[in-house]
Structure formats: structure tokens, C-alpha cells
Amino acid sequence: MKIVVIGGSGLIGSKLVPKLREHGHEAVAASPNSGVNTVTGEGLAEVLKGASVVVDVSNAPAWEDAAVMSFFETSTRNLLNGEAAAGVKHHVALSVVGTDRLSGSGYFRAKIVQEKLIKNGTIPYTIVQATQFFEFLKQLADISFDGKKVRLPDALFQPMAADDVAGAVGRVAVGQPLNGTVEIGGPETFRIDELVRRRLAPLNDSREVIADPNALYSGAKLDERTLVPGKDARLGETHFADWLKSSASQPPTAKLPSAAVATATKQS
Ligand SMILES: NC(=O)c1ccc[n+]([C@@H]2O[C@H](COP(=O)([O-])OP(=O)(O)OC[C@H]3O[C@@H](n4cnc5c(N)ncnc54)[C@H](OP(=O)(O)O)[C@@H]3O)[C@@H](O)[C@H]2O)c1
């Protein structure tokens with residue numbers, strides 16, 4: 001089966017493409033680096049030719065409210081139109097657990113629009129909502145740093161390893177479209193500040209990390225369980241302590257658009 005992975009060079013995409021190939025699929029990594037741009041449409045019709053499935057694991061290069069909205073709206077419209085023309089039979093998109101509860105955030109308003117376009121479109125689809133990636137914890141500290149302390153919401157989350165995310169997305173991609181949403185998460189629930197502290201320690205990052213009831217998550221106010229998936233979530237196998245000991249935890253972690261630091265710091 002030809003499976004096009006939009007964002008195939010990213011954190012999740014670069015783990016997903018080899019997994020699909022190992023299972024005998026013709027997985028094509030597509031992103032601006034390989035001449036496919038879902039915002040301008042460059043290379044899109046060409047790469048979608050003969051594809052049965054499209055997996056969208058792309059992310060916006062800039063996270064200011066207007067930029068991120070423009071990215072997900074334009075990119076998703078272009079993709080769905082291109083898929084209709086090419087006869088694609090399954091659109092899979094990676095989103096975030098709790099997206100619909102996070103409309104206080106510009107980033108998540110853009111993810112809500114992305115999900116709506118998919119749900120209202122004509123291509124059979126599955127939306128995979130994942131919890132935060134272990135690989136994102138350092139970045140979370142950076143965007144939550146006010147110059148003195150790392151201030152995090154006083155709430156729970158259930159993060160997971162990027163490798164488990166890629167595995168779960170891959171299984172969805174080769175299955176039937178659900179025309180619905182599945183949640184995936186990690187095997188354990190933590191307080192956000194506790195886990196960020198545990199992530200920074202082996203990096204010798206001595207910034208003080210605190211739970212602050214007024215701290216926002218990407219600009220949104222959290223309740224205790226806003227980021228926690230429901231009881232039907234499919235859970236990854238990798239425990240945080242094992243991930244921390246593994247090579248996957250070695251820096252550098254996921255790249256961070258510089259605009260995100262400014263935006264998130266301003267909001268929290
Ligand atoms: N961070 C988390 O904890 C978390 C949790 C749950 C879900 N998610 C979701 O997971 C998804 C993937 O995140 P990630 O961290 O794997 O992303 P990432 O590492 O930042 O990679 C982003 C990818 O998007 C591609 N891209 C950027 N602009 C593009 C364009 N105009 N056309 C096509 N591709 C474009 C990039 O291509 P180039 O390399 O060529 O620039 C890159 O391959 C996101 O949608 C995010 O919402 C994230």
C-alpha cells in the first residue's frame with residue numbers, strides 16, 4: 001500500500017516511515033525538505049498519485065496564534081482537496097488529547113479547526129489524539145520558563161514515548177478508517193511539574209520547577225484532568241523511567257520554533 005506521511009521528517013514522522021516500510025508498505029516521507037509543501041501546494045498532487053492512505057504528522061513552523069491557525073487551516077484544506085482528486089481512501093491525522101477542552105489556546109484553536117475540516121470532509125478518516133511526548137518535556141520547560149522559574153500548571157498528564165506514538169499511528173494507518181477519534185497515552189499518570197523536574201535532572205538543568213495554579217498550558221487554563229485521556233485510550237508500553245535510561249532521551253530533543261518561546265512566556 002502506498003502511504004504518504006506528511007511531516008515524514010519530523011519527530012513522529014521519522015519514526016513512523018521506517019515502521020511502515022518494515023511491514024512492507026511503500027511509505028513516502030513528504031515535507032518541504034523533500035519538495036512537498038502542504039501550505040503552498042508544491043509537490044502535493046505528484047506525491048499523492050497512487051496513494052491509498054495519507055498520514056498527517058506535520059506541525060506548524062511558527063506558533064503565534066495567527067500563524068498556527070493559517071498553517072493548519074490551509075494545509076488541511078489543501079491536503080483534503082488533493083486526496084479527493086487522487087482517490088485517497090483514508091486520512092489519518094495526529095492531534096492532541098483534550099484538544100476540544102483547550103480552546104483558550106491559539107495553538108489548540110488551530111488543532112480544533114484541523115479536526116473539524118477532517119470531520120466535515122469527504123475522505124474517510126481517523127483522528128489519533130496523543131498525549132504529550134516524553135521528548136517534549138524539555139521543550140515544555142523552556143516555553144514555561146519566566147526567566148526565574150519554570151512555572152507549570154498544577155495538573156495531571158499521561159505522557160508517552162514518541163516511538164509508541166509512531167507505533168500506534170502506524171497501526172491506525174494500516175487499519176480501516178474509523179470516521180472517529182482514538183486516544184492514545186502513556187502507561188502512567190504524573191503531576192506535570194514532578195515529571196518535568198525528573199526530565200531536567202539528568203540534563204543538569206538546575207532551573208527551579210514549580211506547580212503554579214495560575215500557570216497556563218500553551219495559553220490555556222487546565223483543570224486537574226484536562227490533558228488525561230479517557231478509559232478507552234490505547235496505552236503505550238514505555239514507562240518514563242525506562243525511556244529516561246534509553247538513548248531516546250538524549251538531547252537534542254524536538255526542535256522549537258523560536259516564536260513559541262516568546263508567545264508561551266508572554267501567556268504564562
Ligand atoms: N509535542 C507533543 O507532545 C504532541 C502531543 C500530541 C500530538 N502532537 C502533534 O503531533 C504532530 C507532530 O508533531 P512533531 O513533534 O512530530 O512535529 P515536528 O517534529 O515539529 O515535525 C514537523 C513536521 O512538519 C513538517 N512541515 C512543516 N511545514 C510543512 C509544510 N508546509 N508542508 C508539509 N510539511 C510541513 C516538517 O517538515 P520539514 O522538516 O521539511 O520542515 C516536519 O516534518 C503535531 O501535529 C502535534 O500537534 C504533539
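Counting convention: from 1, in listed order, for ligands and their atoms alike.
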Selected option - heavy-atom contact closest to atom 22 (C) of ligand 1, from V169, N59, D56: N59

Is the closest N or O pair between F71 and ligand 1 shorter than 3.5 Å? no

Determine the interplanar angle of the F134 and W243 rings, folded into 0 to 90°, and report it as parallel if under 30°, tilted if 30 to 60°, perpendicular if over 60°. tilted

Mode of K111 contact toward ligand 1 - side chain, backbone, both, neither (heavy atoms, under 4.0 Å): side chain

Tell me if a side-chain donor or acceptor on R109 pairs with a main-chain N or O of S103 at a distance below 3.5 Å. yes

Contact (N/O only, under 3.5 Å) between Y107 and ligand 1: yes

Does A60 have a heavy atom less than 4.0 Å from any atom of ligand 1? no

Counting only N and O atoms by type, is there a donor-acceptor contact under 3.5 Å from the side chain of R207 to the main-chain atoms of V150? no

Atoms of ligand 1 under 4.0 Å from any heavy atom of S95, numbered from 1 in the order shown, are 6 (C), 7 (C)

Among S58, A93, A110, whose heavy atom sits nearest atom 11 (C) of ligand 1? S58

Between D154 and R191, is there a salt bridge with N-O shorter than 4.0 Å? yes

Closer than 4.0 Å to some heavy atom of S9 - which atoms of ligand 1 meet that? 37 (O), 38 (P), 39 (O), 40 (O), 42 (C), 43 (O)

Examine the side chains of E115 and S95 and answer whether a donor and an acceptor come within less than 3.5 Å of each other. yes

Would you say N78's side chain and T38's backbone share a donor-acceptor pair under 3.5 angstrom? yes

Have a look at ligand 1 and work out which part of V36, if any, has a heavy atom under 4.0 Å from it: side chain, backbone, both or neither. backbone

Can you list the atoms of ligand 1 that are under 4.0 Å from a heavy atom of A130? 6 (C)

For S9 and S31, does a side-chain donor sit closer than 3.5 Å to a side-chain acceptor? yes

Under 4.0 Å, heavy-atom basis, I'd like to know which part of S75 is in contact with ligand 1: side chain, backbone, both or neither. neither

Should you measure from each heavy atom of G7, which atoms of ligand 1 turn up under 4.0 Å away? 23 (C), 24 (O), 25 (C), 43 (O)

Quick one: does any side-chain atom of S105 pair with a main-chain N or O of A220 as donor and acceptor, under 3.5 Å? no

Whether the Y125 and D56 side chains hold a donor-acceptor pair (N or O, under 3.5 Å, no angle test) is what I'd like checked. no

In terms of side-chain heavy atoms, does Y217 have a donor or acceptor partner in Q132 at a distance below 3.5 Å? yes

Honestly, for F136 the part within reach of ligand 1 (heavy atoms, under 4.0 Å) is side chain

So, regarding V96 and ligand 1 (criterion: nitrogen or oxygen to nitrogen or oxygen, under 3.5 Å), is there a contact or not? no

Please could you name the atoms of ligand 1 that V57 approaches to less than 4.0 Å, counting only its heavy atoms? 12 (C)

Mark yes or no for whether E26, through its side chain, and M1, through its backbone, hold a donor-acceptor pair below 3.5 Å. no

Backbone or side-chain N or O of N37 under 3.5 Å from ligand 1 N or O: yes

N or O contact, G10 vs ligand 1, cut-off under 3.5 Å: yes

Backbone or side chain, does any N or O of I12 fall under 3.5 Å from an N or O of ligand 1? yes

